Amino acid sequence: MLRLASLKFGRLFRYGKLLFAASLLVVMLLNTQSLISSFQRNELTDRRFISLNKCPACFGTSWCRKFMNGQLSFEGWGRLRLLDFFNVKNVHFAQYGEPREGSRRVVLKRLGSNHELSELDQRVCKRATGRPRCDLVQAMYKTDFARLNGDVRLLTPDVVEGWSDLVHCPSQRLLDRLVRRYAETKDSGSFLLRNLKDTERMQLLLTLAFNPEPLVLQSFPSDEGWPFAKYLGACGRMVAVNYVGEELWSYFDAPWEKRVDLAWQLMEIAEQLTNNDFEFALYLLDVSFDNFAVGSRDGKVIIVDAENVLVADKKLIKQNKPENWDVWYESKFDDCDKEACLSFSKEILCSRATVDHNYYAVCQNLLSRHATWRGTSGGLLHDPPAEIAKDGHLEALLDECANPKKRYGRFKAAKELREYLAQLSNNVR
């Protein structure tokens, strides 16, 4: 009976796929003219398509000349707006061309789904007028996003604390860094707000509240060795970042030597974000195979989704000395039944000088046998060679890093794991 039921379910599933494909074909045939025009026109030059008409309720304008000049265009099937239905994250691949440099691939992001962007518009309107629909341009001047307009000198913690993960516990030092490195202005380089136009201040605050990823990329740039994708610019509600390469997930079944190298890089990223000369701890609150990519040329692992990054200022923690600030914090292992689970307290991340969160996140969600993603298990280091499996040292380190049995065991295991992976991949530190 069970066998019969599974066969019926299999047939239904296949029929469902065929029906979906047939329906899609019918829709495409009915919209042939629209499809042809989609391939012929470059919608990235359309002000309304990129929501430039909504500024300053947008993410910036630094790349608008490039958009309007037609230097960016969607790739292949990405030109079909019919397929946007499946692109929930609103992430697109495009070609960007310079006259003397040729073209290269870039990634365009709207920083949210259509539903999230629509909710943003409604929130702005309700705050300004009490109604869900309004003139966004005028409404922005009647919201909290305009409170720093005029003769305001600094962006201060009391204004934006808790607006997003990036500023869950902001220090003045962090906010000065955000303003000084803000790329959506011609006069960047100063932490004083008076050097920004009112529209630029509103764009900065709206980005900070809606999705601060661009500000993370600008404040901790790849050019200075931070493991994030390079920020290029924005126009309206379309942000451009450098294309890195295939996502980490595509290397899940790569040769063992390659996976060991990637694992070592991931642990190095965890270390860099936790302990660095700037004394900013950048904690990754969303860690999955989709949030990392591997450079197609240099094989370097890069974070490509930086929306959920909490930045704690270790200098401020050591200065203010909150309760238990100097007690090492061990993250609690979370054996949940969902993919990419993490257990953490933002308040603790903001108040402890020594935290193992990034090691825990990488080990549990990417490397160890506890990692699950898209129906797979075993993590990136699954199925090691027989001699390594027999030795058991790697498995023991991964287990202690993900779910420590000893006090402060994860700190020690993470250090030893980095060294062991470096040895396995012949990386010389």
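Here, residue 1 is the first one in the sequence, and each next residue gets the next number. Treat the numbers as computed from the prediction; the structure is a model and nothing was measured.
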For atom [atom1] of [X], is the number of surrounding heavy atoms from other residues, nucleotides or ligands below 6.0 Å larger than 12?
{"X": "Lys405", "atom1": "NZ", "value": "yes"}
{"X": "Arg123", "atom1": "CZ", "value": "yes"}
{"X": "Glu330", "atom1": "CD", "value": "yes"}
{"X": "Glu119", "atom1": "CD", "value": "yes"}

Output yes when a side-chain donor or acceptor of [X] lies under 3.5 Å from a complementary backbone atom of [Y], and no otherwise.
{"X": "Ser250", "Y": "Glu246", "answer": "no"}
{"X": "Glu184", "Y": "Thr61", "answer": "yes"}
{"X": "Asn358", "Y": "Leu282", "answer": "yes"}
{"X": "Asn69", "Y": "Gln71", "answer": "no"}
{"X": "Trp63", "Y": "Leu232", "answer": "yes"}
{"X": "Asn365", "Y": "Val287", "answer": "yes"}
{"X": "Thr376", "Y": "Trp373", "answer": "yes"}
{"X": "Lys314", "Y": "Thr274", "answer": "yes"}
{"X": "Ser368", "Y": "Cys363", "answer": "yes"}
{"X": "Glu161", "Y": "Asp158", "answer": "no"}

State, to 0.1 Å, how close [X] and [Y] come at their nearest heavy-atom pair, and which atoms those are.
{"X": "Trp256", "Y": "Leu381", "value": "CZ3-O, 3.7 Å"}
{"X": "Ala293", "Y": "Gly245", "value": "CB-O, 3.7 Å"}
{"X": "Ala229", "Y": "Asn242", "value": "CB-O, 4.2 Å"}

With heavy-atom distances below 4.5 Å as the criterion, would you say the side chains of [X] and [Y] are in contact?
{"X": "Thr199", "Y": "Cys55", "result": "no"}
{"X": "Phe220", "Y": "Ile303", "result": "no"}
{"X": "Ser222", "Y": "Ile302", "result": "no"}
{"X": "Tyr420", "Y": "Trp264", "result": "no"}
{"X": "Lys89", "Y": "Ser113", "result": "no"}
{"X": "Phe67", "Y": "Thr45", "result": "no"}
{"X": "Val106", "Y": "Val241", "result": "no"}

List the atom pairs, donor and acceptor, that lie under 3.5 Å between side-chain atoms in residues 315-329 and the rest of the protein, sequence neighbours left out.
from, atom 1, to, atom 2, distance (Å)
Lys318, NZ, Glu279, OE1, 2.8
Lys321, NZ, Lys318, O, 3.0

Practice prompt. Decide ring-ring contact (aromatic ring centres under 6.0 Å, His included) for Trp226 and Phe280; before the verdict, give the C-alpha distance in whole Å, the side-chain angles of both, and the deciding distance to 0.1 Å.
Written response: CA-CA 12 Å; Trp226 294 96; Phe280 283 119; 8.2 Å; no

Separation between [atom1] of [X] and [atom2] of [Y], rounded to the nearest 0.5 Å:
{"X": "Tyr283", "Y": "Cys350", "atom1": "OH", "atom2": "SG", "answer": "9.0 Å"}
{"X": "Thr185", "Y": "Glu200", "atom1": "OG1", "atom2": "CD", "answer": "3.5 Å"}
{"X": "Met238", "Y": "Leu108", "atom1": "CE", "atom2": "CG", "answer": "5.5 Å"}

How are the rings of [X] and [Y] set to each other: parallel, tilted or perpendicular (split at 30° and 60°)?
{"X": "Phe344", "Y": "His357", "value": "perpendicular"}
{"X": "His92", "Y": "Phe74", "value": "tilted"}
{"X": "Tyr359", "Y": "Phe411", "value": "perpendicular"}

So, [X] versus [Y]: side-chain donor-acceptor pair below 3.5 Å or not?
{"X": "His393", "Y": "Glu416", "result": "no"}
{"X": "Asn195", "Y": "Ser190", "result": "yes"}
{"X": "Lys66", "Y": "Tyr96", "result": "yes"}
{"X": "Glu339", "Y": "Thr372", "result": "no"}

Between [X] and [Y], does any side-chain N to carboxylate O distance fall below 4.0 Å?
{"X": "Glu257", "Y": "Arg259", "result": "no"}
{"X": "Glu400", "Y": "Lys412", "result": "no"}
{"X": "Glu213", "Y": "Lys109", "result": "yes"}
{"X": "Glu224", "Y": "Arg181", "result": "yes"}
{"X": "Glu268", "Y": "Arg418", "result": "yes"}

Item to complete: Sequence neighbours left out, what passes side chain to side chain contact (heavy atoms under 4.5 Å, CB included) with Lys186? Give chain and number order.
Response: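 Checked Lys186 against side chain to side chain contact (heavy atoms under 4.5 Å, CB included); zero matches.
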
Discussion item. Can you list everything that forms a side chain to side chain contact (heavy atoms under 4.5 Å, CB included) with Arg105? Sequence neighbours excluded, please.
Written reply: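 Checked Arg105 against side chain to side chain contact (heavy atoms under 4.5 Å, CB included); matches are Glu75, Phe93, Gln95, Tyr243.
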
Worksheet entry | With Val179, the side chain to side chain contact (heavy atoms under 4.5 Å, CB included) member among Leu155, Leu154, Leu215 |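 When Leu155, Leu154, Leu215 are each tested with Val179, the side chain to side chain contact (heavy atoms under 4.5 Å, CB included) holds only for Leu155.
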
Worksheet item: Under the criterion side chain to side chain contact (heavy atoms under 4.5 Å, CB included), which of Asn308, Leu284, Val216 is the partner of Asp165?
Response: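 Among the candidates, only Asn308 passes.
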
Pair listing, salt bridge (Lys or Arg N to Asp or Glu O under 4.0 Å) test, anchored in [range], at least two apart:
{"range": "residues 282-300", "value": "Asp290-Arg374"}
{"range": "residues 354-372", "value": "Asp356-Arg410, Arg369-Asp399"}
{"range": "residues 167-177", "value": "Arg173-Asp313"}

Discussion item. Going by ring pair (Phe, Tyr, Trp, His ring centres under 6.0 Å), name the pairs with one or both residues in residues 105-126, residues two or more places apart or in two chains.
Written reply: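 Residue pairs with at least one partner in residues 105-126: there are none.
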
Worksheet item: So which pairs with a foot in residues 49-60 pass side chain to side chain donor-acceptor pair (under 3.5 Å), sequence neighbours left out?
Response: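 Qualifying pairs: Lys54-Asp121.
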
Considering only residues two or more places apart or on different chains, which pairs with a residue in [range] satisfy disulfide bond (SG atoms under 2.5 Å apart)?
{"range": "residues 239-300", "value": "none"}
{"range": "residues 189-274", "value": "Cys64-Cys235"}
{"range": "residues 171-206", "value": "none"}

Please list, one pair per line, the donor and acceptor atoms closer than 3.5 Å that link side chains of residues 138-151 to other protein atoms, with sequence neighbours excluded.
from, atom 1, to, atom 2, distance (Å)
Thr143, OG1, Met140, O, 2.9
Thr143, OG1, Phe145, N, 3.3

